[in-house]
Structure formats: C-alpha cells, structure tokens
S.K.: 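The structure's right below; bear with me while I get my questions together.
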Amino acid sequence: MTPVFHEHVPFKALTIAGSDSGGGAGIQADLKTFTSLETFGTSVITSVTSQNTVAVDGIHAIPAAFVAQQLEAVLSDIGTNAIKTGMLCNAEIVSAVAKTLRKFYPDSAKNIPNLVVDPVMIATSGAALLDSDAIETLIKEFLPLCLILTPNVPEAEFILANAQKTNITPKIDSLDQMKLAARELACLGPSIILLKGGHLPLYKSSGKAVPRELFDSISDLSIEMEELELVDLIYDSRTGVFTELRKAFLRTSSTHGTGCTLSAAIAANLSRGHEAHEAITRATDYIQSAIRDGLTVGNGKGCLNHFHHVVPRSIEKPTRFNPHPLTTHLLQACRDDWKKYTHHAFVQGIADGTLPKESFIHYMKQDYLFLQTYARAHGLGAFKARTMAESKAFADIVVHIADESRLHIDYCAKWGITYEEIVNTPESMANVAYTRYVLDIGMTGDLLELGLAIAPCLIGYGQIGRRLYNDPNTLKGDANPYWEWIKNYEASDYQSAVARGIANLERQCNIQQPSSHRLKQLEEVFRTATRLEVSFWDMALHQL
Ligand SMILES: Cc1ncc(COP(=O)(O)O)c(N)n1
C-alpha cells in the first residue's frame with residue numbers, strides 16, 4: 001500500500017485512552033504505533049497519569065463530559081477509519097464514550113465498525129487503571145459495541161468472574177481453558193476475541209503451561225529458548241472458528257505498553273483496510289519485533305521499540321528478569337542453527353544410548369585434539385586481557401582444561417583408546433575448521449569476539465548436559481553407555497564454568513554497548529561457531 005503521507009486523504013485511527021507521561025504506554029504508545037504503521041492518529045484523552053517505567057504515582061481523570069466533547073470534536077470533523085480504546089478510568093467515562101459512539105454510529109445494530117477494545121485494568125507496575133465499580137458498566141454498556149476485544153489472561157479471568165457475578169475467579173491455565181474463556185467472552189457482545197497468551201507461556205514440547213510459581217526462573221538459560229512459546233488465540237464468534245497465533249516466548253522485561261500497542265496496531269491495520277484476522281496477525285508480528293528490539297529508557301520495565309524498523313535495537317542492560325541480555329539475544333537470533341546443534345542426531349544417540357560405539361570413540365579422540373586448541377584459545381584470552389584479574393581468569397581456565405583433558409584420557413582408556421592412539425589421530429577437517437576459526441577470531445578480534453567464538457561450545461554442552469540429565473526420555477544409569485558423559489556436563493563444576501563464561505560475556509558487552517552494526521558482527525561469530533559445532537557432530541556421527 002502507498003504510505004499515508006503521500007496521499008491526500010490519509011488512513012485515520014483514533015485512540016481513546018489515558019496519557020502515560022513516561023511515553024511507553026497509553027496515548028503516547030498508541031500515537032507512536034499509528035505513525036509507525038503509516039496512519040494519521042487522533043486522540044481522546046480520558047485521564048492523565050503521572051507515570052514512569054517503575055510506577056504510576058498519580059491519576060487525574062478528565063471529566064466525562066469533556067471526554068465526550070473531545071470525541072465529538074474528532075468525529076464531527078476528521079472522522080476515523082478505526083477506533084481503539086485503552087484506559088477508560090471510571091464508569092462515567094465508560095458510559096459517556098459508549099453514548100457518544102452510539103450517537104455517531106446510529107445504524108450499527110451491534111458492533112461499531114472497526115472498534116477495538118483493550119480492557120485496560122491494571123498497569124504492569126500494579127496500579128489500578130479502571131475503578132473497581134466500572135467493570136460492570138464496561139461489561140454492560142461497552143463490550144456489546146466492540147468488534148474486537150483484546151484481553152490478556154488476567155483481564156479475561158476478571159471480566160468473566162464479574163460477568164458471572166461470582167467471587168470465584170475462573171483460572172485460565174491451559175490453551176483449552178483459553179478457548180472456553182474466549183467463547184464465554186464473546187457471549188458478552190464482541191464479535192471477535194483476541195485472548196493474548198503473554199501471561200501463559202507454554203512448553204513447546206508438551207503444550208502445558210509453565211506453572212505460575214516458576215515464572216521468575218524463566219530467564220534461566222537451561223530452559224532453552226525454543227522450549228517456550230505463547231499462543232494468542234483468536235475466536236471469531238461469527239464463524240465459531242479459533243485461530244492460534246504461535247510465537248516464541250521472549251525473555252525480556254521490555255513489555256511496558258504491550259497491550260496498548262497491540263490494540264493500536266490492530267486499529268491501524270483495520271483503518272488501512274485489512275480485514276480483522278489479517279489486522280490482528282500483522283499486529284502480533286509488529287509487537288513481537290517491537291518487544292524483541294525493546295528499549296531500556298528508565299529503571300523499571302523496558303519499553304517497546306515502536307520504530308524498530310527505523311531506530312535499530314541496542315542490547316538492554318541486564319535486569320532481574322533477563323540477567324543475560326546478550327546471550328538471550330544470540331540464542332534467539334541463531335535459534336535455527338542452535339537447535340540443529342543442541343538437538344543433533346549425535347546428541348539424540350547419546351540420550352537414548354543408541355549412538356554407535358565407533359562414532360563415540362571417533363568423537364572422543366577428536367574432542368581431545370579440540371581441547372588442545374581450546375586451551376590455546378584461552379591462553380590467547382589471557383594475553384589479550386587488560387587486567388590482571390582477567391588474565392588470571394583465562395589462565396585458570398587453561399589449567400582447568402588441562403586437568404579435564406587428563407580425565408578425558410582416563411575416560412578414553414575405559415573405551416579401549418590409548419593415549420598414543422589419541423595423539424597420533426589426524427585432526428578431522430571439521431576439527432581443523434572449527435579450532436582454526438576460533439584462533440583466527442581470537443587473533444584478529446577483541447576479547448568479546450574471542451568469547452563468542454568459544455561460547456557455543458561452553459554453553460551448548462551445558463544445555464545438552466542439563467537437558468539430557470533431566471529429560472525423562474533419556475536412558476539413565478548403567479543401561480546407557482554414555483551416561484557418564486551426560487553426568488559430566490550436568491555436574492556443578494561444568495555448570496558453574498558455563499555461568500562464569502556467560503557472566504564474562506555479559507560484562508564485556510555491557511562495557512562495549514555494541515552498536516547494531518557491531519551486534520550483527522558479534523552474532524555472526526556466535527552463529528559460525530554454532531554451525532561449526534554442527535559439523536563437529538556430523539563428523540563424529542559419520543566418522544569422517
Ligand atoms: C495510561 C496507561 N494506559 C495503559 C497502561 C497499561 O500498560 P502496562 O500494562 O504496560 O503498564 C498504562 N500503564 N498507562
């Protein structure tokens with residue numbers, strides 16, 4: 001479509017919402033979204049909040065009559081192609097907006113065309129944005145008008161609890177319950193329900209929800225990136241059809257303003273002429289990128305990057321929710337190659353004990369040779385370090401690798417491989433490629449690049465060890481000839497080496513604050529080393 005600003009009559013979208021002085025949510029997020037999606041935005045302000053990324057510390061409601069006056073002013077002159085509502089603040093405002101909308105759309109027997117309602121109730125930071133006695137008015141007077149209702153899981157639970165006039169909150173803890181809830185919500189009037197799944201991350205393998213008490217540990221890298229997803233559920237009551245929009249669950253704290261932005265994006269897409277499903281699908285894609293490229297602007301929750309296609313992303317500072325922003329970013333950016341590496345057929349053969357013994361022996365010999373260069377790469381790190389403490393940390397790892405390689409020899413002996421046999425084994429080409437790549441990056445790059453060339457090996461083995469150790473499908477104990485190998489990488493000394501390695505990368509990144517261009521280069525190093533891990537498994541499996 002032609003961008004709006006080149007046309008005489010632009011696509012128009014109206015937001016009826018509260019002002020967020022912090023700029024991340026409310027009217028401010030809506031207008032950024034409208035502009036970003038090439039729509040001319042108008043606004044009716046229901047309330048002014050004093051707010052930043054940490055908290056809402058004051059709410060000043062606009063008199064309902066003046067809210068209605070703003071709405072009259074916009075609709076009587078400019079008009080609009082779509083409307084979204086956000087924070088409606090209190091029952092009087094809800095009624096006044098409903099009444100005024102009805103006046104301008106007298107013919108709409110049911111839904112007002114292209115009206116998207118985000119039932120804003122509680123800010124992420126915890127403040128109530130809708131008076132408790134307003135929910136009834138919202139349900140009775142407002143929901144019947146709306147084309148698309150966009151609650152998140154807690155909002156859906158709250159609306160249903162109030163609609164049923166019971167004090168028992170129906171808990172939505174699974175995709176099936178989301179479907180039931182969406183159907184019940186549609187009975188309150190909206191034609192389409194978009195029930196957002198951001199509060200209900202699901203394990204990809206089983207489809208089960210992550211228990212709420214585990215939410216705080218979601219940023220643990222041992223819960224792999226690919227394992228969690230969220231489902232935004234569309235229920236269209238006109239056809240009775242459910243549509244599941246699946247997305248990777250992003251571990252980030254940059255979620256302030258997500259609901260506002262999503263409903264604004266849907267309205268913008270509707271105003272541009274997209275039908276409802278297309279408008280929603282495009283909006284969820286837009287949100288995913290805006291969250292992924294989120295911005296740290298204050299000390300609380302990060303904000304979305306509404307202009308992610310214009311303003312490039314930067315790596316966030318570590319937060320409690322995401323202590324490893326660089327590592328998280330890399331695993332996400334390289335997720336396809338990462339999966340090929342950590343879920344390789346060789347790894348599967350280790351897990352169920354079916355890996356041919358010859359493949360394992362070939363691997364063990366090559367891995368010993370690999371460790372020699374791995375130690376040298378850390379020696380190079382000691383050389384490149386700028387402080388004594390850092391040099392020592394690298395040198396300590398060299399000693400650790402040397403000790404580990406002795407264990408390697410003992411372990412090989414159990415498989416009938418002698419030391420002479422190991423050191424006389426020619427390096428496979430996959431091994432040469434991998435180790436020389438690491439050394440080349442180490443020689444030409446800085447400490448962060450060297451760290452990233454080393455990282456896939458360190459982090460990947462840690463993830464594989466933990467996953468196989470805990471997976472009920474892994475063949476465990478004496479029944480599995482490779483059980484000792486699994487235990488070795490699950491053991492606390494290896495896992496704490498992984499944690500130290502990650503902390504080191506994050507520290508370097510925090511010092512450097514890479515630009516987006518530099519970040520792309522760093523990603524490439526991590527991705528290449530990950531791909532070289534894949535060829536290492538290929539080499540081992542097929543004894544190349
Ligand atoms: C004016 C206004 N409207 C909506 C929200 C909800 O956004 P969030 O849940 O991200 O805090 C907010 N905080 N402020």
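Predicted model only: the values in this text are computed from it and were never measured. Read the numbers this way: they start at 1 and go in the same order the structure lists the ligands and their atoms.
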S.K.: Heavy-atom pairs closer than 4.0 Å: do any link ligand 1 to the side chain of Lys301, the backbone, both, or neither?
M.R.: neither

S.K.: List every atom of ligand 1 that sits less than 4.0 Å from any heavy atom of Gly18, numbering the atoms from 1 in the order shown and giving each element.
M.R.: 1 (C)

S.K.: Does Ala29 come within less than 4.0 angstrom of ligand 1, counting non-hydrogen atoms of the residue?
M.R.: no

S.K.: For a 4.5 angstrom cut-off between non-hydrogen side-chain atoms, does Ile122 reach Glu155?
M.R.: no

S.K.: Check for a donor-acceptor pair, side chain of Asp20 on one end and backbone N or O of Ala25 on the other, with a separation under 3.5 Å.
M.R.: yes

S.K.: One residue to check: His256. Relative to ligand 1, which of side chain, backbone, both or neither has a non-hydrogen atom less than 4.0 Å away?
M.R.: both

S.K.: Start with the C-alpha gap between Glu524 and Lys520, add the side-chain angles, then the distance that decides, and say whether salt bridge (Lys or Arg N to Asp or Glu O under 4.0 Å) holds.
M.R.: CA-CA 6 Å; Glu524 248 356 271; Lys520 281 264 169 281; over 6 Å; no

S.K.: Identify the closest protein heavy atom to atom 13 (N) of ligand 1: which residue and atom is it, and at what distance?
M.R.: Gln51 OE1, 2.7 Å

S.K.: Side-chain donor-acceptor pair under 3.5 Å between Gln512 and Asp446, yes or no?
M.R.: yes

S.K.: For ligand 1, does Ala25 get within less than 4.0 Å through its side chain, its backbone, both, or neither, judged by non-hydrogen atoms?
M.R.: side chain

S.K.: Within ligand 1, which atoms have a heavy atom of Ser19 less than 4.0 Å away?
M.R.: 1 (C)

S.K.: Hey, are Thr100 and Glu72 close enough side-chain-wise for a donor-acceptor pair under 3.5 Å?
M.R.: no

S.K.: Tell me, which protein residue and heavy-atom name are nearest atom 9 (O) of ligand 1, and how many Å apart are they?
M.R.: Thr124 OG1, 2.7 Å

S.K.: To which protein heavy atom is atom 5 (C) of ligand 1 closest, and what is the distance rounded to 0.1 Å?
M.R.: Leu129 CD1, 3.4 Å

S.K.: Considering only heavy atoms of Ala123, which atoms of ligand 1 have at least one such atom less than 4.0 Å away?
M.R.: 9 (O), 11 (O), 13 (N)

S.K.: Would you please determine whether Gly257 falls within less than 4.0 Å of ligand 1 on a heavy-atom basis?
M.R.: yes

S.K.: Regarding Arg272 and Asn269, do their side chains bring together a donor and an acceptor under 3.5 Å, going by distance alone?
M.R.: no

S.K.: What is the nearest protein non-hydrogen atom to atom 4 (C) of ligand 1, stated with its residue, atom name and distance?
M.R.: Cys260 SG, 3.5 Å

S.K.: Would a 4.5 Å heavy-atom cut-off, applied to side chains only, mark Lys196 and Asp118 as touching?
M.R.: yes

S.K.: I need the Leu14 CG to Ile78 CD1 distance, nearest 0.5 Å.
M.R.: 9.0 Å

